[in-house]
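The next block holds one structure in the form of structure tokens; read it before the comments.
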Amino acid sequence: MDVGPSVQETLALVYRLQTIDSELVHIIGEIEAARAHLKGKEDGLSELSLRIDAEKRELLGLSREKKDKEEELRTNEHIISENKKKNKELKHSREIQAYMAEMEFRRDEVERLQDEILRLMETIETLEGTQEKRAAEIATYREELETAKTDLLERQKEREGEIADLEREKASLMENFPETLLDQYKRLKVSHKNGLVVSRIQGETCGVCRMVLPPRTMTEVKKRQKIVPCLHCQRWLYLEGEIEKGEKRTV
Ligand SMILES: [Zn+2]
């Protein structure tokens, strides 16, 4: 592409625009990462709160169950002691048999209920221990969440001015851009990997693909008569240096 004698100036402009775009992407990415970190902490905290609530409900249910079993146990023990009183009044063998069967059933019930109450007490104790640990866990989480929040706010505040400056510079740069060149830049920015359109030459190496440029390409670039693309990665090669006579640096 022939852009006349001010090719160096044009490339300098495009290179600066590209640098601004990269910086903006970097800054925004940094803020996004801080936001994602905060979101992760928020999700973690609400998940933990839900778990704590579920465990509390479970604990409540177990305590109720224990109370019911204890009531049942008392009832059985009461029946046993009442039956014992009536024992002496029994005469017929059928009555005595029925009494024995009833007493055996009640004693089994008492044993079963005592076992169940014991098991419930163990489970309740374990859950209560977990609840204590959860309280410490959630306190840590809240602290981390606050840190993440402060971090995000600070980062945003810090970077706000930087973003505004870059955006302002970008807007004024784009005003000076020939429209066709801007269109081309935008198109290549999307199609090229990393959004890089211009490659700054380092020594005799392409700054983007790191391939050594052939002497013929270097000569072409140094003539500064047209935009020379890298043979390997197609980026516009930009050799940083003084602006040639007759050219004005606008950036
Ligand atoms: Zn290259």
Side-chain angles (χ1 to χ4, degrees), residues 1-40 151-152 154-251:
M1 185 182 56
D2 194 358
V3 285
S6 58
V7 63
Q8 181 71 354
E9 192 179 330
T10 304
L11 280 172
L13 266 164
V14 182
Y15 186 68
R16 182 62 198 146
L17 179 64
Q18 176 172 290
T19 308
I20 291 171
D21 280 340
S22 301
E23 276 176 47
L24 282 170
V25 166
H26 174 74
I27 293 170
I28 290 161
E30 211 182 72
I31 292 172
E32 286 302 320
R35 195 168 288 146
H37 178 68
L38 175 63
K39 174 88 172 47
D151 184 53
L152 175 64
E154 268 175 16
R155 210 166 286 239
Q156 269 174 333
K157 217 172 129 195
E158 249 174 47
R159 297 302 213 172
E160 240 167 45
E162 260 175 86
I163 292 174
D165 287 347
L166 286 169
E167 295 281 13
R168 214 173 299 127
E169 192 188 340
K170 186 178 166 177
S172 88
L173 261 182
M174 279 165 61
E175 268 175 40
N176 296 322
F177 253 65
E179 210 167 301
T180 48
L181 192 68
L182 189 62
D183 286 346
Q184 222 173 341
Y185 170 77
K186 282 182 187 163
R187 211 177 51 242
L188 289 172
K189 193 170 140 43
V190 179
S191 64
H192 278 321
K193 219 173 125 194
N194 306 334
L196 296 175
V197 178
V198 183
S199 169
R200 193 163 64 92
I201 297 172
Q202 287 156 358
E204 290 192 347
T205 309
C206 167
V208 172
C209 72
R210 303 266 157 214
M211 296 293 271
V212 176
L213 300 161
R216 226 188 57 163
T217 306
M218 285 304 292
T219 311
E220 289 260 332
V221 171
K222 281 175 185 162
K223 277 192 206 157
R224 284 167 178 159
Q225 283 169 355
K226 60 176 180 176
I227 290 178
V228 183
C230 168
L231 290 170
H232 307 285
C233 70
Q234 311 308 319
R235 264 78 177 197
W236 297 345
L237 293 168
Y238 170 52
L239 185 63
E240 215 169 18
E242 52 201 88
I243 304 284
E244 279 173 41
K245 239 187 175 175
E247 287 181 353
K248 274 189 290 149
R249 193 184 268 275
T250 52
V251 277

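Whatever order the structure lists ligands and atoms in, that order sets their numbers, starting from 1.
For a distance threshold of 2.8 Å, the protein N, O or S atoms nearer than that to the Zn ion (ligand 1), listed by chain and number, are C206 SG, C209 SG, C230 SG, C233 SG.
Considering only heavy atoms from C-beta on, L11 comes within 4.5 Å of W236 through its side chain.
For D183 and K186, the salt-bridge test fails: no basic side-chain N is under 4.0 Å from an acidic carboxylate O. Between R155 and D151 there is a salt bridge, with a side-chain nitrogen of the basic residue lying less than 4.0 Å from a carboxylate oxygen of the acidic one.
Listed by first and then second residue, the ring-ring contact (aromatic ring centres under 6.0 Å, His included) pairs that reach into residues 6-29 are Y15-Y238, sequence neighbours excluded. Applying the salt bridge (Lys or Arg N to Asp or Glu O under 4.0 Å) test to pairs two or more places apart or on separate chains, those with a residue in residues 188-200 are D21-K189, R200-E240.
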Side chains of residues 202-218: which donor-acceptor pairs under 3.5 Å do they make with residues two or more places apart or in other chains?
| from | atom 1 | to | atom 2 | distance (Å) |
| --- | --- | --- | --- | --- |
| Q202 | OE1 | R210 | NH1 | 3.0 |

